[in-house]
Amino acid sequence: MDSFDELDLSPIMRRAVKDAGFTTPSPIQAALIPHALNGKDVIGQARTGTGKTAAFSIPILEQLDSLEDCRDPQAIVIVPTRELADQVAAEAERLARGVPTEIAVLSGGKNMNRQLRQLENGTQLVVGTPGRVHDHLQRGTLRTNNVWCVVLDEADRMLDIGFRPQIERIMRKCPRNRQTLLLSATLPPVVRRLAESYMHEPVVIDCCRDEMAVDTIEQRYFTIAQDDKVKLLESLLKREKPEQAIIFCRTKRGTDRLHRKLSHEYGGACGAIHGDLQQRERDRVLQKLRDGNLKFLVATDVVGRGIDISTISHIVNFDVPQDCDDYVHRVGRTGRMGRDGVAYTFVVPGEGDILTSIEQRINKLLIRDKMEGFESPAEKAAAVAAAAPEPEKELRRTLNPMTRKRPRRR
DNA sequence: AAAAAAC
């Protein structure tokens with residue numbers, strides 16, 4: 001499809017889409033929008049950074065009744081993090097330009113009174129995180145009788161064990177004959193099967209086929225000893241000179257630790273984000289990154305999904321991700337909308353299996369990278385042995401305490 | 001055993 005004009009959109013929406021800078025619909029947009037406009041339930045899988053947010057926002061905005069006709073929310077979009085809620089709302093806002101549209105973000109860590117006021121004054125579209133949306137449902141401040149569409153963005157995450165009970169309660173509170181849209185870059189078969197129990201004869205759209213990761217992202221790995229990771233990272237940043245980079249760690253503490261170490265060298269150009277920080281600080285750091293005032297962001301998986309910053313040139317998995325799908329999402333923070341990106345993964349001895357399963361998942365081999373001075377112990381030994389086999393043998397014997405202490409036998 | 005998500 002060459003143009004948004006081929007989609008059955010109102011003139012005012014066409015104008016808004018054009019003004020927002022969209023020209024040609026991406027595959028997921030071309031496939032999903034017609035079904036959504038027809039009121040169908042949809043399960044949609046499409047690679048990271050290919051425009052899923054606009055794909056569900058456009059048909060929703062197109063079909064919203066005006067605030068005069070309906071004061072209560074008509075559509076609810078649920079996402080896994082607070083920052084993603086802000087981002088999705090901002091994008092919907094951008095696409096709604098030209099038509100006054102009341103969009104409320106209902107997420108935690110934010111002023112409750114403001115949210116109550118917005119709901120009271122009339123809201124057409126709600127974007128929120130599970131806990132706070134559920135809270136508003138309990139309080140009776142979020143009325144669902146006029147909700148005709150529910151979207152689960154990052155649907156596989158929303159339906160995993162940590163979120164599922166809350167999601168199920170939210171869905172149960174919405175009208176049965178509503179439309180349900182599920183989207184993610186990763187939708188394993190088990191999640192698809194589970195999803196169908198919340199949906200009515202869903203259309204399945206698969207824009208990935210066998211290619212999970214975006215092909216404009218170069219994916220590399222280093223084998224490295226745990227203790228050498230920080231030094232390798234510093235050398236890598238010097239070699240690569242990223243425009244901007246996100247460096248993922250496994251834990252919140254590890255994120256703080258690495259941030260402190262990098263700050264010695266990079267100072268204010270380096271920031272950190274994780275779920276133990278105050279929401280104000282999280283927002284401040286992410287805004288700095290968006291404004292280009294931050295070169296490096298050390299982070300947990302709180303920014304592993306959805307966050308869209310086109311100037312992120314590099315991803316570093318300082319710690320390997322928890323599972324293959326998390327890998328796909330982290331790496332997808334670069335290479336947005338056809339741009340180039342590079343992703344590095346640090347693999348310590350014993351994590352070889354994880355690397356293999358990632359490669360199987362994305363159906364592609366990662367390129368092995370090397371940095372001078374960071375050879376593995378085995379490589380060092382091999383290199384030295386190749387250069388000078390005899391002296392090395394001698395050296396090892398004299399350095400070995402067992403050999404030294406024990407009297408030699410003939 | 002991790003991270004995220006309500007006060």
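Lettering follows sequence order; numbering is per chain, from 1.
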Student: So what does A/Arg305 touch, heavy atoms closer than 4.0 Å: a base, only the sugar-phosphate, or nothing?
Tutor: nothing

Student: What integer distance in Å separates A/Gln322:CD from B/dA4:P?
Tutor: 13 Å

Student: Is A/Asp326 salt-bridged to A/Arg157, cutoff N-O under 4.0 Å?
Tutor: yes

Student: Find the distance A/Arg250:CZ to B/dA1:P and express it as a whole number of Å.
Tutor: 11 Å

Student: Base, sugar-phosphate, or nothing: which does A/Asp301 touch, judged by heavy atoms less than 4.0 Å apart?
Tutor: nothing

Student: For A/His274 and B/dA4, give me the distance from atom NE2 to atom P, rounded to whole Å.
Tutor: 8 Å

Student: What is the distance, rounded to the nearest whole Å, between atom CG of A/Leu152 and atom C1' of B/dA4?
Tutor: 16 Å

Student: Any base atoms under 4.0 Å from A/Gly162, or only sugar-phosphate, or nothing? Heavy atoms, all strands.
Tutor: base

Student: Atom CZ of A/Arg282 to atom P of B/dA3: distance rounded to whole Å?
Tutor: 13 Å

Student: Please list all pairs passing the salt bridge (Lys or Arg N to Asp or Glu O under 4.0 Å) test where one or both residues lie in residues 64-76 of chain A, with sequence neighbours left out.
Tutor: A/Asp72-A/Arg143

Student: What is the distance from NE2 of A/His134 to C1' of B/dA6, rounded to the nearest Å?
Tutor: 10 Å

Student: Would you list the pairs meeting ring pair (Phe, Tyr, Trp, His ring centres under 6.0 Å) in which at least one residue belongs to residues 279-313 of chain A, sequence neighbours left out?
Tutor: A/Tyr266-A/Phe296

Student: OP1 or OP2 of B/dA1 versus the side-chain N and O atoms of A/Thr251: is any pair under 4.0 Å?
Tutor: no

Student: Whole-Å distance between B/dA1 C1' and A/Arg253 CZ?
Tutor: 15 Å

Student: What's the CG-C1' distance between A/Leu84 and B/dA5, to the nearest Å?
Tutor: 13 Å

Student: Is there a side-chain polar atom (N or O) of A/Arg139 under 4.0 Å from OP1 or OP2 of B/dA6?
Tutor: no

Student: Please determine if A/Asp301 and A/Arg330 form a salt bridge, counting it only when a charged side-chain N lies under 4.0 Å from a carboxylate O.
Tutor: yes

Student: Would you please confirm or rule out a distance under 4.0 Å between OP1 or OP2 of B/dA5 and any side-chain N or O of A/Ser107?
Tutor: no

Student: Mind checking if A/Gly109 touches a base, just sugar-phosphate, or nothing, with heavy atoms under 4.0 Å?
Tutor: sugar-phosphate

Student: Looking at A/Lys252, I'd like to know whether one of its side-chain N or O atoms comes within less than 4.0 Å of OP1 or OP2 on B/dA4.
Tutor: yes

Student: What's the shortest heavy-atom distance between A/Ala92 and A/Leu125, and which atoms?
Tutor: CB-CD2, 4.1 Å

